[in-house]
Amino acid sequence: MTQATVMNCVATAPIRVFLADDHQSVLWGLEKLIESASPAMELAGKASSRAGVLELIGEARPDVMLLDFDLGEQQDGSSLITELRQRHNQKVIVLTGMRDEDVPQQVVLAGAYGFVHKSEPAKVILDAIRHVHGGQLWLKSGAMSRALAVLGMQQRSGKSPDTSGIASLTVTEKRIVSTVLEHKGAPNKVIASALHISVHTLRNHLASIYSKLDLHHRLDLVLYVQQRKQSGAEL
């Protein structure tokens, strides 16, 4: 197999989706939805409880997880989202029937990449999966603004941004950070095009940047740089 063939296979690999919901009928419907999106998506696994998620997620290694916020248990999904992010760097989209306006903000603060109400059309769920897999957040603008405001207040009340991480960035990585800030909310392909590099190369650079700055995704990066600017520090 040639290198070009290998790269093409990687580029067209299906998005592996893990489903977690305590209602079997909902799980069945979501499974059929993922199957309907084949070959672009495939089912990586499913669970109906918190214990089931933690038992299966390591072996399943999905690209994206659709997670019911409460799973019918007393604990809400926030602690589970945080655990999945810390232990597996898992991209989670929260699915819920709750109408509480604070929930989207809460799940983002816990580390989720997106929030979708169960009343949304199937197309919205599939679009959310594609966007989150591509490194974007999936939130309505109002919820995003509230989450950013809370995160900003949390960071301002903490210690000043560390300078050692920024100092370790290469010239190319600093240019990528600046371009990400310039194109907030844009898909990775737009940022890659602006930098004249491939999406795959961009993702590799972002992974290196996140590692050096102890961050997890683009929202973290945006807030990190904004905090540095507020403190008068240069990139």
Side-chain angles (χ1 to χ4, degrees), residues 9-50 52-54 56-57 59-73 76-78 80-81 84-85 88-147 185-190 199 203 217-219:
C9 289
V10 171
T12 58
I15 302 171
R16 292 174 49 75
V17 183
F18 191 98
L19 307 173
D21 198 291
D22 63 317
H23 293 93
Q24 292 300 320
S25 59
V26 174
L27 268 182
W28 180 86
L30 290 172
E31 184 173 352
K32 295 302 178 185
L33 177 62
I34 300 305
E35 289 176 356
S36 74
S38 179
M41 298 182 192
E42 68 178 16
L43 184 67
K46 58 183 178 179
S48 57
S49 67
R50 181 190 185 96
V53 169
L54 295 175
L56 300 173
I57 195 69
E59 184 176 348
R61 301 182 66 180
D63 299 307
V64 178
M65 172 187 282
L66 292 178
L67 175 67
D68 185 18
F69 190 55
D70 57 23
L71 289 179
E73 300 169 5
D76 66 35
S78 297
L80 179 56
I81 293 167
L84 289 168
R85 172 172 162 173
H88 303 284
N89 198 22
Q90 183 61 57
K91 293 180 179 178
V92 174
I93 299 173
V94 169
L95 280 171
T96 185
M98 300 170 63
R99 294 286 183 181
D100 189 338
E101 292 185 356
D102 291 334
V103 173
Q105 169 186 308
Q106 185 178 346
V107 301
V108 171
L109 294 175
Y113 273 64
F115 175 90
V116 178
H117 197 272
K118 288 183 177 179
S119 63
E120 295 280 10
K123 180 181 182 300
V124 172
I125 297 176
L126 295 177
D127 284 346
I129 292 171
R130 295 187 189 98
H131 278 70
V132 167
H133 179 252
Q136 301 174 67
L137 296 175
W138 184 270
L139 274 175
K140 292 183 178 179
S141 58
M144 176 66 79
S145 297
R146 289 192 293 274
N188 278 350
K189 63 181 180 180
V190 173
V199 172
R203 286 175 179 164
H217 49 57
R218 280 169 55 183
L219 176 59

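These values consider heavy atoms only, across backbone and side chains, with no hydrogens, waters or symmetry-generated copies.
Residues forming a side-chain hydrogen bond (donor to acceptor under 3.5 Å, both in side chains) with His88 (at least two apart in sequence, or on another chain): none. Residues satisfying the side-chain hydrogen bond (donor to acceptor under 3.5 Å, both in side chains) criterion with Asp127, sequence neighbours excluded, are Lys123, Arg130. In this structure, Lys91 has no salt bridge (Lys or Arg N to Asp or Glu O under 4.0 Å) partners at least two apart in sequence or on a different chain. With sequence neighbours left out, Tyr113 forms a ring pair (Phe, Tyr, Trp, His ring centres under 6.0 Å) with His217. Arg203 pairs by the salt bridge (Lys or Arg N to Asp or Glu O under 4.0 Å) definition with nothing, not counting sequence neighbours.
With a 4.5 Å cut-off on side-chain heavy atoms, Leu67 and Phe18 do not count as touching.
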Taking distance alone, no hydrogens or angles, what donor-acceptor pairs closer than 3.5 Å link side-chain atoms of residues 35-45 to residues at least two apart or in another chain?
residue, atom, partner, partner atom, Å
Ser36, OG, Leu33, O, 2.5
Glu42, OE2, Arg16, NH1, 2.8

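Summarising the geometry, atom CG belonging to Leu30 is positioned 8.0 Å from atom NZ belonging to Lys118; distances are rounded to the nearest 0.5 Å. To the nearest 0.5 Å, the span separating CZ on Phe69 from CG on Leu95 amounts to 12.0 Å. Here the CD1-CE distance, from Ile81 to Met65, works out to 10.0 Å after rounding to the nearest 0.5 Å. The distance from atom CD of Gln90 to atom CZ of Arg61, rounded to the nearest 0.5 Å, is 10.5 Å. To the nearest 0.5 Å, atom CH2 of residue Trp138 and atom CD1 of residue Ile129 are 10.5 Å apart. The line from OG of Ser49 to CG of Leu54 is 8.5 Å long, rounded to the nearest 0.5 Å.
Screening Ile93, Asp63, Val17 for a side-chain contact (heavy atoms from CB on, under 4.5 Å) involving His133 leaves a single residue, Asp63.
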Before you tell me yes or no, could you show the steps for His23 and Ser25 under side-chain hydrogen bond (donor to acceptor under 3.5 Å, both in side chains), namely the whole-Å CA-CA distance, both residues' side-chain angles and the distance that decides it to 0.1 Å?
CA-CA 5 Å; His23 293 93; Ser25 59; over 6 Å; no
Could you give me the CA-CA distance, side-chain angles and deciding distance for Val92 and Arg85, then say whether side chain to side chain contact (heavy atoms under 4.5 Å, CB included) is met?
CA-CA 8 Å; Val92 174; Arg85 172 172 162 173; over 6 Å; no
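Nearest heavy atoms, Ser48 versus Gln24: CB-NE2, 3.6 Å. The two residues Ala47 and Leu56 have their closest heavy-atom pair at CB-CD1, 4.4 Å.
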